Chemist: 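Structure in structure tokens, see below.
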Amino acid sequence: MKIHDEGFFLYSKNFGEKSKILYVLSKDYGLIKGLSNSSKKRNYNLINLDKIKFTWSSRNQNSLGYLNYEQENYNSSNDYFFTIIKAAASELCIKFLPLWEQNTAIYREISNLSVLKYDSNSYLIGKYLEWEMNFLKHLGYGLNINECCVTGELDNTYFISPKTGNAVNFEIGKKYSKYLFKIPVCMKENFKKKKYNDYIDALKITEYFFLKILENKRFKFIFRNQIVCMLEGL
């Protein structure tokens with residue numbers, strides 16, 4: 001079996017002395033991994049969400065396979081905050097996406113995230129949180145932020161249920177408030193503005209639902225946690 005495709009580099013880990021296992025989000029085949037051998041002509045300067053063209057080959061799809069690639073573009077941004085954001089998105093793709101399952105929408109949104117032009121840290125985190133919300137939706141855990149699930153009212157929501165991901169207005173939710181999340185303003189306004197003071201609360205809510213999918217509340221996301229730490233220091 002042999003495939004040719006393009007995709008985004010997500011992660012690599014050492015395999016022996018001269019090889020690495022690469023994880024790639026492929027345009028036509030979803031998440032794949034393969035063994036890449038080092039050579040004098042190749043180094044491993046890839047960073048998260050770099051675009052590559054590659055060939056993957058193996059006797060069958062369930063084998064590790066060999067992956068030969070060419071780097072298609074070099075990341076032009078040296079901004080550390082943006083680098084962490086791309087690493088966080090890569091981390092989630094590897095953790096939640098099954099191998100060999102194409103998802104055109106996720107691929108398109110990763111592509112858009114990878115080429116954001118730096119404006120400010122608040123702009124980048126807003127775009128990243130928007131990406132996380134869409135990613136949850138593609139995983140089947142979309143959050144209903146703007147409609148009260150009891151009254152059907154729009155744009156009057158205040159709390160969101162950790163059990164269902166559905167929102168309610170203040171009057172309905174106030175007596176259960178200790179069991180509910182207060183909806184951050186940035187979520188209700190779809191992250192359209194460039195500066196909010198409640199990004200950390202939004203990240204905590206999306207993290208809760210990611211951990212709910214994993215059924216492991218103690219799991220730690222390395223790069224998402226770095227984003228939170230950086231925001232706390234701003």
Side-chain angles (χ1 to χ4, degrees), residues 7-15 20-26 30-33 36 44-52 71 73-99 103 105-139 141 143 184 186-187 191 194 196-234:
F8 292 95
F9 167 75
L10 300 177
Y11 174 71
S12 68
K13 61 181 179 181
N14 292 329
F15 187 84
K20 288 183 180 286
I21 295 175
L22 270 61
Y23 288 79
V24 175
L25 183 63
S26 165
L31 179 66
I32 66 170
K33 62 179 180 178
S36 180
Y44 289 95
N45 291 327
L46 292 172
I47 64 173
N48 302 101
L49 304 191
D50 273 351
K51 188 80 174 288
I52 63 171
Q71 192 165 0
N73 72 325
Y74 293 87
N75 204 291
S76 58
S77 173
N78 294 320
D79 180 73
Y80 181 69
F81 196 80
F82 191 20
T83 300
I84 296 299
I85 283 175
K86 289 184 288 186
S90 299
E91 182 178 36
L92 292 179
C93 286
I94 292 170
K95 193 66 183 178
F96 290 101
L97 297 181
L99 293 170
N103 191 307
I106 289 177
Y107 184 86
R108 180 180 63 249
E109 289 162 11
I110 278 287
S111 179
N112 293 338
L113 185 68
S114 72
V115 295
L116 287 177
K117 299 298 183 183
Y118 180 80
D119 185 303
S120 64
N121 287 348
S122 59
Y123 170 80
L124 290 176
I125 192 60
K127 288 295 185 181
Y128 173 73
L129 275 163
E130 183 180 18
W131 178 85
E132 278 202 349
M133 294 280 285
N134 287 329
F135 190 68
L136 277 169
K137 180 177 66 177
H138 296 312
L139 295 176
Y141 282 77
L143 306 183
C186 60
M187 279 187 166
F191 312 102
K194 294 184 180 181
Y196 297 97
N197 59 6
D198 53 0
Y199 284 139
I200 294 175
D201 291 336
L203 283 165
K204 288 178 179 178
I205 291 173
T206 53
E207 180 183 38
Y208 174 88
F209 285 96
F210 284 128
L211 295 177
K212 186 174 182 178
I213 298 171
L214 293 177
E215 298 181 346
N216 182 357
K217 293 182 179 180
R218 296 184 178 181
F219 182 83
K220 300 296 183 183
F221 295 104
I222 296 171
F223 296 105
R224 288 187 86 262
N225 288 350
Q226 288 188 38
I227 293 173
V228 172
C229 290
M230 292 172 71
L231 286 174
E232 288 175 341
L234 292 178

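Numbering of residues begins at 1 and proceeds along the displayed sequence. The structure presented is a predicted model; accordingly, all values stated were derived computationally and were not measured.
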Chemist: Is there side-chain contact between Leu46 and Ser12, with heavy atoms separated by less than 4.5 Å?
Modeler: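 Leu46 does not reach Ser12 side chain to side chain.
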
Chemist: Apply side-chain contact (heavy atoms from CB on, under 4.5 Å) to Ile205 and Leu143, showing your working.
Modeler: CA-CA 10 Å; Ile205 291 173; Leu143 306 183; 4.2 Å; yes

Chemist: If you round to the nearest 0.5 Å, how far is CD of Glu132 from CZ of Phe209?
Modeler: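 Output value for this atom pair is 12.5 Å.
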
Chemist: What distance do Asn134 atom CG and Leu139 atom CG have between them, rounded to the nearest 0.5 Å?
Modeler: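 The distance works out to 11.0 Å.
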
Chemist: I need the Lys20 NZ to Asn14 CG distance, nearest 0.5 Å.
Modeler: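 Answer rounded to 0.5 Å: 3.5 Å.
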
Chemist: Go through it in stages, so that I can follow the logic: the residues are Ile84 and Tyr128, the test is side-chain contact (heavy atoms from CB on, under 4.5 Å), and I'd like the CA-CA distance, side-chain angles, deciding distance and then a yes or no.
Modeler: CA-CA 11 Å; Ile84 296 299; Tyr128 173 73; over 6 Å; no

Chemist: Taking the side chain as C-beta and beyond, is there a heavy-atom pair between Lys51 and Val115 under 4.5 Å?
Modeler: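 The answer is no, as the side chains (C-beta and beyond) never meet within the 4.5 Å cut-off.
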
Chemist: Do the side chains of Asn121 and Asp79 get nearer than 4.5 Å, heavy atoms only?
Modeler: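 Of all side-chain heavy-atom pairs linking Asn121 with Asp79, at least one is under 4.5 Å.
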
Chemist: Compare all side-chain heavy atoms of Phe210 with those of Phe219 and state whether any distance is below 4.5 angstrom.
Modeler: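 When only atoms from C-beta onward are counted, Phe219 and Phe210 do not touch, as no gap falls below 4.5 Å.
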
Chemist: If you compare all heavy atoms of Ile47 against all heavy atoms of Phe9, which two are closest, and at what distance to 0.1 Å?
Modeler: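 Residues Ile47 and Phe9, closest heavy atoms: O-CD2, 3.3 Å.
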
Chemist: With side-chain contact (heavy atoms from CB on, under 4.5 Å) as the test, would you mind laying out the steps for Trp131 and Leu92 before giving the verdict?
Modeler: CA-CA 11 Å; Trp131 178 85; Leu92 292 179; 3.7 Å; yes

Chemist: Please lay out, stage by stage, how Phe223 and Phe221 fare under the test ring-ring contact (aromatic ring centres under 6.0 Å, His included).
Modeler: CA-CA 6 Å; Phe223 296 105; Phe221 295 104; over 10 Å; no

Chemist: Check whether any side-chain heavy atom of Phe96 sits under 4.5 Å from a side-chain heavy atom of Leu136, and report yes or no.
Modeler: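 When only atoms from C-beta onward are counted, Leu136 and Phe96 do not touch, as no gap falls below 4.5 Å.
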
Chemist: Phe15 ring centre to Lys13 NZ or CZ under 6.0 Å, with the angle to the axis within 45°?
Modeler: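 Verdict for Phe15: no cation-pi partner in Lys13.
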
Chemist: Could you walk me through whether Phe8 and Ser90 pass the side-chain contact (heavy atoms from CB on, under 4.5 Å) check?
Modeler: CA-CA 9 Å; Phe8 292 95; Ser90 299; over 6 Å; no

Chemist: Tell me which one of Ile94, Asn103, Leu49, Ile110 satisfies side chain to side chain contact (heavy atoms under 4.5 Å, CB included) with Leu25.
Modeler: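 Single side chain to side chain contact (heavy atoms under 4.5 Å, CB included) partner of Leu25 among Ile94, Asn103, Leu49, Ile110: Ile110.
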
Chemist: For the atom pair CG (Leu99) and CD1 (Ile32), what is the distance rounded to the nearest 0.5 Å?
Modeler: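 That separation rounds to 9.0 Å.
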
Chemist: Search all heavy atoms of Ser111 against all heavy atoms of Ser114 and return the closest pair with its distance.
Modeler: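 Of all heavy-atom pairs spanning Ser111 and Ser114, the closest is O-OG, 2.7 Å.
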
Chemist: Are the side chains of Ile125 and Met230 in touch, meaning some heavy atoms are under 4.5 Å apart?
Modeler: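 No, every pair of side-chain atoms sits at 4.5 Å or beyond.
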
Chemist: May I ask you to check whether over 12 heavy atoms, not counting those of Glu232, lie within 6.0 Å of atom CD?
Modeler: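 More than 12 heavy atoms, drawn from other residues, nucleotides or ligands, come within 6.0 Å of this atom.
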
Chemist: How far does CD1 of Ile52 sit from OG of Ser26, to the nearest 0.5 angstrom?
Modeler: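 Reported to 0.5 Å precision, the distance equals 9.0 Å.
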
Chemist: Tell me the closest heavy-atom pair linking Gly7 and Tyr107, and the distance in Å.
Modeler: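 Heavy atoms of Gly7 and Tyr107 come nearest at CA-OH, 3.6 Å.
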
Chemist: Measure the shortest side-chain to side-chain distance between Thr206 and Met187 over non-hydrogen atoms and say whether it is less than 4.5 angstrom.
Modeler: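 Counting from C-beta outward, Thr206 and Met187 do come under 4.5 Å.
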
Chemist: Measure across Leu10 and Val24 and return the closest heavy-atom pair with its distance rounded to 0.1 Å.
Modeler: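 For Leu10 and Val24, the tightest heavy-atom pair comes out as CD1-C, 4.2 Å.
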
Chemist: If every non-hydrogen atom of Cys186 is compared with every non-hydrogen atom of Ala202, which pair is closest and at what distance?
Modeler: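 Residues Cys186 and Ala202, closest heavy atoms: SG-CB, 3.9 Å.
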
Chemist: Heavy atoms only: give me the nearest Arg224-Glu91 pair and the separation to one decimal.
Modeler: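 Between these two residues, the closest heavy atoms are N-OE1, 3.8 Å.
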
Chemist: How long is the straight-line distance from CD1 of Ile222 back to CD1 of Ile227, given to the nearest 0.5 Å?
Modeler: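 These two atoms lie 12.5 Å from each other.
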
Chemist: Is the shortest heavy-atom distance from the side chain of Gln226 to the side chain of Tyr80 under 4.5 Å?
Modeler: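 Side chain of Gln226 against side chain of Tyr80, heavy atoms only: contact under 4.5 Å found.
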
